[in-house]
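Read through the structure below, which is laid out as structure tokens, and then see the notes.
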Amino acid sequence: MCLFCKIANKEIPAKIAAEDDDTIAFHDINPVAPTHVLVIPKKHITSLNDATEADQALLGKLIAVAQRVAAQEGRALEGFRTVINTGPNAGQSVFHIHVHVLGGRPMAWPPG
Ligand code: 5GP
Ligand code: ZN
């Protein structure tokens with residue numbers, strides 16, 4: 001079972017920010033911003049490259065949960081960034097799809 005599946009199953013502890021039947025959001029272990037939360041589906045999907053048409057509603061839910069978490073963390077009005085890293089060029093390091101929710105400081109554009 002992958003690392004994030006183990007977090008979803010509560011086999012590995014994480015600081016949980018939000019949870020519902022399909023998703024779980026938890027604070028990143030190595031935050032790169034004052035708010036850094038990861039939103040994942042409980043179902044294992046390796047990356048955005050591996051999501052299918054049947055996953056469309058779930059992908060939408062990840063984005064909706066990301067916004068709710070940003071609002072819960074007080075970042076809605078000031079703004080926040082949502083990121084999905086896919087594959088080597090994006091630096092994906094955990095192969096269970098996740099949406100980064102980053103906030104609490106200005107974000108550079110273009111990203112590095
Ligand atoms: P990626 O580089 O794949 O887009 O993002 C993976 C993220 O997972 C990184 O920001 C990393 O800090 C985070 N991460 C890796 N292992 C753990 C862990 O065991 N617990 C938590 N909470 N975050 C983790
Ligand atoms: Zn997984």
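Remember, predicted model here, so these are calculated numbers, not experimental data. Counting starts at 1 for both ligands and their atoms, following the listed order. Side chains are part of it too, since the values below use all heavy atoms of this structure and drop only hydrogens, waters and symmetry mates.
The closest protein non-hydrogen atom to atom 9 (C) of ligand 1 is D28 OD2, 3.3 Å. With hydrogens left out, the protein atom closest to atom 16 (N) of ligand 1 is L3 CD2, 3.4 Å, a heavy atom. Looking only at heavy atoms of the protein, atom 15 (C) of ligand 1 is closest to V94 CG2, 4.0 Å. Among protein heavy atoms, atom 22 (N) of ligand 1 sits closest to H27 O, 3.0 Å. Distance from atom 2 (O) of ligand 1 to its nearest protein heavy atom, with residue and atom name: S93 OG, 2.8 Å. Remark: minimum distance from atom 14 (N) of ligand 1 to any protein heavy atom is reached at I29 CG2, 3.8 Å. Distance from atom 5 (O) of ligand 1 to its nearest protein heavy atom, with residue and atom name: H98 NE2, 2.9 Å.
Contact between K15 and ligand 1 is absent, with no heavy atom of the residue lying under 4.0 Å from the ligand. Taking a 4.0 Å cut-off on heavy atoms, V83 fails to register as neighbouring ligand 1. Judged by the shortest distance from any of its heavy atoms, A14 lies outside the 4.0 Å radius around the atoms of ligand 1. Not a single heavy atom of F95 sits under 4.0 Å from any atom of ligand 1.
As for H44, its N/O/S atom nearest the Zn ion (ligand 2) is the one called ND1. H96 contributes atom ND1 as its closest N/O/S atom to the Zn ion (ligand 2).
Smallest separation of non-hydrogen atoms from L58 and P41: CD2-CB, 3.7 Å. In terms of heavy atoms, H36 sits closest to P31 at ND1-CA, 3.5 Å. Closest of all the heavy-atom pairs between A17 and E73 is CB-OE2, 4.4 Å. Closest approach of T86 to Q92, counting heavy atoms only: CA-OE1, 3.4 Å. Residue A33 comes nearest to G103 through the heavy atom pair CB-O, 3.5 Å, listed as atom of the first residue, atom of the second, then distance.
Here is the list of ligand 1 atoms found below 4.0 Å of a heavy atom in G91: 2 (O). Taking a cut-off of under 4.0 Å to the non-hydrogen atoms of F4, the atoms of ligand 1 that pass are 8 (O). Residue N30 approaches ligand 1 through these ligand atoms, each under 4.0 Å from one of its heavy atoms: 12 (O). Close approach of ligand 1 to Q92 (heavy-atom distance below 4.0 Å) involves ligand atoms 3 (O).
Distances between N or O atoms of H36 and those of ligand 1 include no value under 3.5 Å.
H96 places no side-chain N or O within 3.5 Å of a backbone atom of K42 that could act as its donor or acceptor partner. In this structure a side-chain-to-backbone donor-acceptor pair under 3.5 Å is missing from R81 to H100.
Residues D55 and I97 form no side-chain contact, since every pair of their non-hydrogen atoms from C-beta on lies 4.5 Å or further apart.
Screening V101, L102, L38 against D28 for a side-chain contact (heavy atoms from CB on, under 4.5 Å) leaves a single residue, L38.
With a heavy-atom cut-off of 4.0 Å, V32 does not touch ligand 1 at all. At a heavy-atom cutoff of 4.0 Å, ligand 1 is contacted by the side chain of I7 but not by its backbone. Contacts between N85 and ligand 1, counted as non-hydrogen atom pairs separated by less than 4.0 Å, involve the side chain only.
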Report task. Please step through side chain to side chain contact (heavy atoms under 4.5 Å, CB included) for the pair L59 and L48, ending with a clear verdict. Result -> CA-CA 9 Å; L59 293 175; L48 197 51; 4.2 Å; yes
Query raised in the report: Should Q67 and F80 be marked as a side chain to side chain contact (heavy atoms under 4.5 Å, CB included) after you check the CA-CA gap, both sets of side-chain angles, and the distance that decides it?
Result: CA-CA 9 Å; Q67 189 282 331; F80 60 94; 4.2 Å; yes
Query raised in the report: Given I24 and K10, is the side chain to side chain contact (heavy atoms under 4.5 Å, CB included) satisfied, shown in steps?
Result: CA-CA 10 Å; I24 186 162; K10 315 280 171 64; 3.8 Å; yes
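Cluster membership for L62 and I84, using ILVMFWY side-chain heavy atoms within less than 4.5 angstrom, is shared.
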